[in-house]
Amino acid sequence: MKEFPIMKNKGKEYIPYDVDKPHEEQALKNHCGQTLDRLAERGGLSWAEAYAVLTDSKFPSIKEYISEEFYEKKSKRLYQIQS
């Protein structure tokens with residue numbers, strides 16, 4: 001199974017690529033036309049960025065941003081990844 005990298009302060013985690021692929025249009029919008037493959041080549045996404053892609057929403061503004069831990073928890077629920 002192809003995996004997509006998630007950047008963390010210490011190392012990386014990986015999520016199933018096939019879960020993100022249907023949301024590539026949002027990745028293109030959020031990341032200046034970069035495909036998921038290109039983003040993976042560049043190191044991946046943060047949990048907040050991954051959450052925005054998966055939920056087909058724009059990245060939260062500074063006022064809207066909650067915390068990386070919040071987005072990690074929400075994303076893992078959506079990706080059905082066990083912590």
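Hydrogens, waters and symmetry mates play no part in the numbers below; they use all other heavy atoms, side chains included.
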Same apolar cluster (I L V M F W Y, side chains within < 4.5 Å links), [X]/[Y]:
{"X": "L54", "Y": "Y65", "answer": "yes"}
{"X": "L28", "Y": "Y17", "answer": "no"}
{"X": "I66", "Y": "L78", "answer": "yes"}

I'd like to know if [X] pairs up with [Y] as an ion pair, taking the criterion as any Lys NZ or Arg NE/NH1/NH2 lying under 4.0 Å from an Asp or Glu carboxylate oxygen.
{"X": "K73", "Y": "E69", "value": "no"}
{"X": "K12", "Y": "E3", "value": "no"}
{"X": "K2", "Y": "D37", "value": "yes"}
{"X": "K8", "Y": "E68", "value": "no"}

Indicate yes or no for a side-chain donor-acceptor contact from [X] to the backbone of [Y] under 3.5 Å, with no hydrogens or angles considered.
{"X": "Q26", "Y": "H23", "result": "no"}
{"X": "Q34", "Y": "H31", "result": "yes"}
{"X": "N30", "Y": "S57", "result": "yes"}

Could you grab the distance from atom [atom1] of [X] to atom [atom2] of [Y], nearest 0.5 Å is fine?
{"X": "T55", "Y": "K74", "atom1": "OG1", "atom2": "NZ", "result": "10.0 Å"}
{"X": "D20", "Y": "I6", "atom1": "CG", "atom2": "CD1", "result": "7.0 Å"}
{"X": "R38", "Y": "R42", "atom1": "CZ", "atom2": "CZ", "result": "5.5 Å"}
{"X": "L45", "Y": "Y71", "atom1": "CG", "atom2": "OH", "result": "14.0 Å"}

Close side-chain approach of [X] and [Y], heavy atoms under 4.5 Å:
{"X": "W47", "Y": "I15", "answer": "yes"}
{"X": "F4", "Y": "V19", "answer": "no"}
{"X": "E49", "Y": "S46", "answer": "yes"}

**Q.** F70 and Y51 aromatic ring geometry - parallel, tilted or perpendicular at 30°/60° bounds
**A.**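 Taking F70 first and then Y51, their aromatic rings stand perpendicular (interplane angle over 60°).
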Q | Evaluation steps, salt bridge (Lys or Arg N to Asp or Glu O under 4.0 Å), between K76 and E72 | A | CA-CA 6 Å; K76 284 184 174 182; E72 179 178 0; 3.0 Å; yes
Q) Between A50 and S75, which heavy-atom pair has the shortest distance, and what is it? A) C-OG, 4.5 Å
Q: Considering non-hydrogen atoms only, spot the tightest contact between M1 and P16 and give its length.
A: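 Closest approach of M1 to P16, heavy atoms only: SD-CB, 3.7 Å.
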Q: Carefully, step by step, assess E64 and K58 under the rule salt bridge (Lys or Arg N to Asp or Glu O under 4.0 Å).
A: CA-CA 11 Å; E64 299 167 327; K58 64 181 184 169; 5.3 Å; no
